[in-house]
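Below, all heavy atoms of this structure are taken into account, side chains as well, without hydrogens, waters or symmetry copies. Counting begins at 1 with the first residue of the sequence. No experiment lies behind these values; they were computed from the predicted model shown.
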Amino acid sequence: MGDVLHGTGIGRGIAVGTVLRMPDPLPEPADDTSALTPDAEKERARASLAATAAIIRLRGERAGGSAKEVLEAQAFMAEDPTLIDDVGVRIDSGKTAERAVYEAFAAFRDLLVSMGGYMGERATDLDDVSQRVVAHLRGVAAPGVPDPEHPFVLVARDLAPADTALLDLSKVLALVTSDGGPTSHTAILAREKSIVAVVGVAGALELADGIEIVVDAATGDVTVAPDDATRAAAESRAAELKAARSAATGPGALADGTPVPLLANLGSADGAADAVEKGAEGVGLFRTEFLFLDSATAPTVEDQKAQYVRLLQAFPGKKVVVRALDAGADKPLSFLNDAAEENPALGLRGLRALRANEPILRDQLRALAEADAETDADVWVMAPMVSTVEETRYFTALARQLGLKTVGVMVEVPSSALLADRILADADFASIGTNDLTQYTLAADRLLGSVASFQDPWHPAVLKLVGEVGKAGRATGKPVGICGEAAADPLLAVVLVGLGATTLSMSPSALADVRAELARFTLEEARRFAELALSANSAVEARAAVTSAATP
Ligand code: PEP
Ligand code: MG
């Protein structure tokens with residue numbers, strides 16, 4: 001058997017196939033002095049930037065779904081006035097349009113990379129736009145996804161949205177990238193389309209076209225030139241996973257019949273139909289930030305109510321948990337957050353920001369109560385970033401006063417997990433946001449690439465806090481949901497149930513895999529896995545211990 005390369009697996013799938021590499025990027029444009037006038041070069045640049053934006057937009061329209069949104073964002077990059085000005089300045093200094101575009105995009109890219117995290121991962125998008133504009137200026141084909149007749153494993157540095165949107169999924173067996181983390185576009189789209197993927201694989205770009213590899217997202221391993229036994233084992237696991245996925249239908253439950261309702265995380269009412277189709281038993285987290293983004297003031301009660309009614313009508317008789325506006329830190333809103341904060345994640349965010357702007361909170365709760373009265377979904381409401389018992393009392397009192405019946409809080413801060421028994425004495429339910437809980441437990445900014453390795457919800461310290469909330473839930477008889485990304489990791493989902501979670505909420509595309517994994521284990525086994533994970537010293541050890549206990 002050949003080498004085993006390692007990266008971060010997305011999901012639990014496994015695939016065997018031959019490598020096909022993304023073509024190499026265009027060579028860097030030479031830094032020659034232009035033979036044309038600056039005005040002529042500027043016109044060439046303007047025309048190619050505009051044409052590229054139009055082509056990307058057209059691809060987005062053809063692709064639809066979330067690809068449309070990411071491609072739209074990419075088209076905006078080609079139209080960014082600051083970038084276009086920078087191209088002009090470089091042309092005025094004697095550069096060709098090709099060189100000026102290349103340099104201006106590279107400078108902006110470096111800026112994004114220095115910001116790290118989510119912004120850093122957008123650097124690939126910018127490189128892609130730059131390459132497309134330069135190709136247009138040269139009159140050559142834009143670099144892009146290969147389209148052979150046979151199935152293949154696509155190996156690339158990192159895929160740009162323009163590439164992923166056009167992938168022929170019937171031929172792509174798996175994705176392997178050398179760059180990009182769990183929040184890169186490759187990872188997001190792999191999750192959404194259920195493609196086997198391992199990202200951030202050192203050495204991936206040395207894989208030769210045509211060589212056979214096994215891509216195992218559960219372990220993050222990429223096995224080069226597998227022997228017969230390894231290939232056969234991988235093929236039979238792929239077949240088992242496929243069978244388990246199609247066999248697991250209906251409501252979420254463990255192997256012993258313990259129900260674990262599987263709910264959807266939604267960011268707007270537009271995703272509701274898709275969530276229902278994928279078997280969501282309700283909504284565990286409705287993020288309301290989209291109602292407030294891109295506007296200078298809060299939306300009116302009427303506007304909000306219309307959106308809530310649209311959402312609730314998609315889930316008659318089902319539970320829908322709506323989260324009050326979570327502004328600040330990774331979701332800044334100009335009219336709510338003070339930009340002068342040095343550590344916004346520790347500042348006036350979530351419920352703290354709402355409390356400082358109580359009329360906005362009151363309007364939101366009123367709009368939701370009115371929508372509740374007009375529809376027959378089971379409406380729950382919760383506050384984000386609650387860190388004290390006093391904040392819990394404040395929020396539950398206000399929401400109940402404004403007519404909401406089931407009022408809870410998100411547990412995203414260690415203090416709330418540690419005092420969950422007292423919080424649940426007042427709140428009707430708790431919902432654990434593992435993204436923020438991990439950030440605050442490990443003291444690692446979730447947006448900062450340099451500390452991304454700390455952002456792992458398998459960490460025993462995070463799981464211990466989840467266990468505290470689970471215990472408090474059992475003691476008070478109140479529900480404890482999980483709505484962070486952790487719930488979408490199938491094996492971790494089993495551990496979370498073992499720690500006391502009573503429902504799991506995730507992006508709809510993750511529902512099938514989580515449903516299938518839950519059906520494999522009993523509550524007793526889930527509790528044993530939880531014990532194993534809790535007794536590990538690190539996230540890596542916890543994941544390895546449970547993976548090996550769960551592997552037949
Ligand atoms: C979380 O923090 O886990 C969560 C679900 O909320 P968000 O990701 O929106 O902060
Ligand atoms: Mg959060």
Side-chain angles (χ1 to χ4, degrees), residues 11-13 194 218 237 239-265 275-285 315-321 377-378 380 406 408 424 428-432 434 463 466-484 486-534 545-552:
R12 298 265 294 148
S194 290
R237 239 198 60 221
E240 269 168 33
L241 284 172
K242 197 169 164 214
R245 254 180 91 98
S246 45
T249 53
L254 293 171
D256 55 15
T258 309
V260 183
L262 298 177
L263 310 168
N265 286 357
V276 171
E277 193 194 306
K278 294 199 162 86
E281 296 166 59
V283 176
L285 167 63
F315 295 94
K318 302 268 175 63
K319 166 168 143 182
V320 176
V321 186
D378 179 16
W380 296 23
T406 309
L424 280 174
D428 297 320
F429 69 96
S431 180
I432 306 178
T434 49
L463 299 179
V466 172
E468 285 301 311
V469 190
K471 258 184 246 158
R474 271 198 298 276
T476 54
K478 296 195 174 163
V480 171
I482 309 277
C483 63
D489 172 337
L491 193 53
L492 184 51
V494 177
V495 171
L496 295 169
V497 171
L499 290 167
T502 54
T503 60
L504 300 170
S505 190
M506 63 205 75
S507 77
S509 57
L511 288 165
D513 285 346
V514 172
R515 186 184 291 114
E517 193 80 335
L518 291 176
R520 289 178 60 206
F521 305 104
T522 62
L523 185 58
E524 201 184 315
E525 284 171 311
R527 289 189 175 143
R528 191 160 54 79
F529 293 168
E531 283 307 319
L532 273 176
L534 285 173
V546 178
T547 303
S548 113
T551 307

Show your reasoning for whether side chain to side chain contact (heavy atoms under 4.5 Å, CB included) applies to Asp428 and Trp380.
-> CA-CA 9 Å; Asp428 297 320; Trp380 296 23; over 6 Å; no
Between Arg528 and Glu531, is there a salt bridge with N-O shorter than 4.0 Å?
-> no
Hey, are Lys471 and Glu468 close enough for a salt bridge, meaning a charged N less than 4.0 Å from a carboxylate O?
-> yes
When you compare the side chain of [Y] with that of [X], does any pair of heavy atoms fall below 4.5 Å?
| X | Y | result |
| --- | --- | --- |
| Val321 | Phe429 | yes |
| Lys319 | Thr406 | no |
| Leu254 | Leu518 | yes |
| Leu463 | Leu492 | yes |
| Leu499 | Leu534 | yes |

Walk me through it: do Glu524 and Arg527 pass the test salt bridge (Lys or Arg N to Asp or Glu O under 4.0 Å)?
-> CA-CA 5 Å; Glu524 201 184 315; Arg527 289 189 175 143; over 6 Å; no
Between Glu281 and Gly252, is there a donor-acceptor pair closer than 3.5 Å when you use the side chain of the first and the backbone of the second?
->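 A pair under 3.5 Å: yes.
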Test item: Glu525 side-chain N/O and Thr522 main-chain N/O as donor-acceptor pair under 3.5 Å = yes
Measure across [X] and [Y] and return the closest heavy-atom pair with its distance rounded to 0.1 Å.
| X | Y | value |
| --- | --- | --- |
| Gly500 | Val480 | O-CB, 4.1 Å |
| Val469 | Ala430 | CG1-CB, 4.1 Å |
| Val495 | Ala533 | CG1-CB, 4.2 Å |
| Leu241 | Gly13 | CD1-CA, 3.9 Å |
| Val276 | Phe315 | CG2-CE2, 3.6 Å |
| Met506 | Ala488 | CB-CB, 4.0 Å |

By side chain to side chain contact (heavy atoms under 4.5 Å, CB included), which residues pair with Ala264, not counting sequence neighbours?
->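 Checked Ala264 against side chain to side chain contact (heavy atoms under 4.5 Å, CB included); matches are Leu266, Ala275, Ala280, Pro508.
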Not counting sequence neighbours, which residues clear side chain to side chain contact (heavy atoms under 4.5 Å, CB included) with Ala519? List them please.
-> none
Report the distance from atom [atom1] of [X] to atom [atom2] of [Y], rounding to the nearest 0.5 Å.
| X | Y | atom1 | atom2 | answer |
| --- | --- | --- | --- | --- |
| Phe521 | Thr258 | CZ | OG1 | 14.0 Å |
| Ile482 | Asn265 | CD1 | CG | 11.5 Å |
| Arg515 | Leu504 | CZ | CG | 11.5 Å |
| Thr502 | Leu496 | OG1 | CG | 11.5 Å |

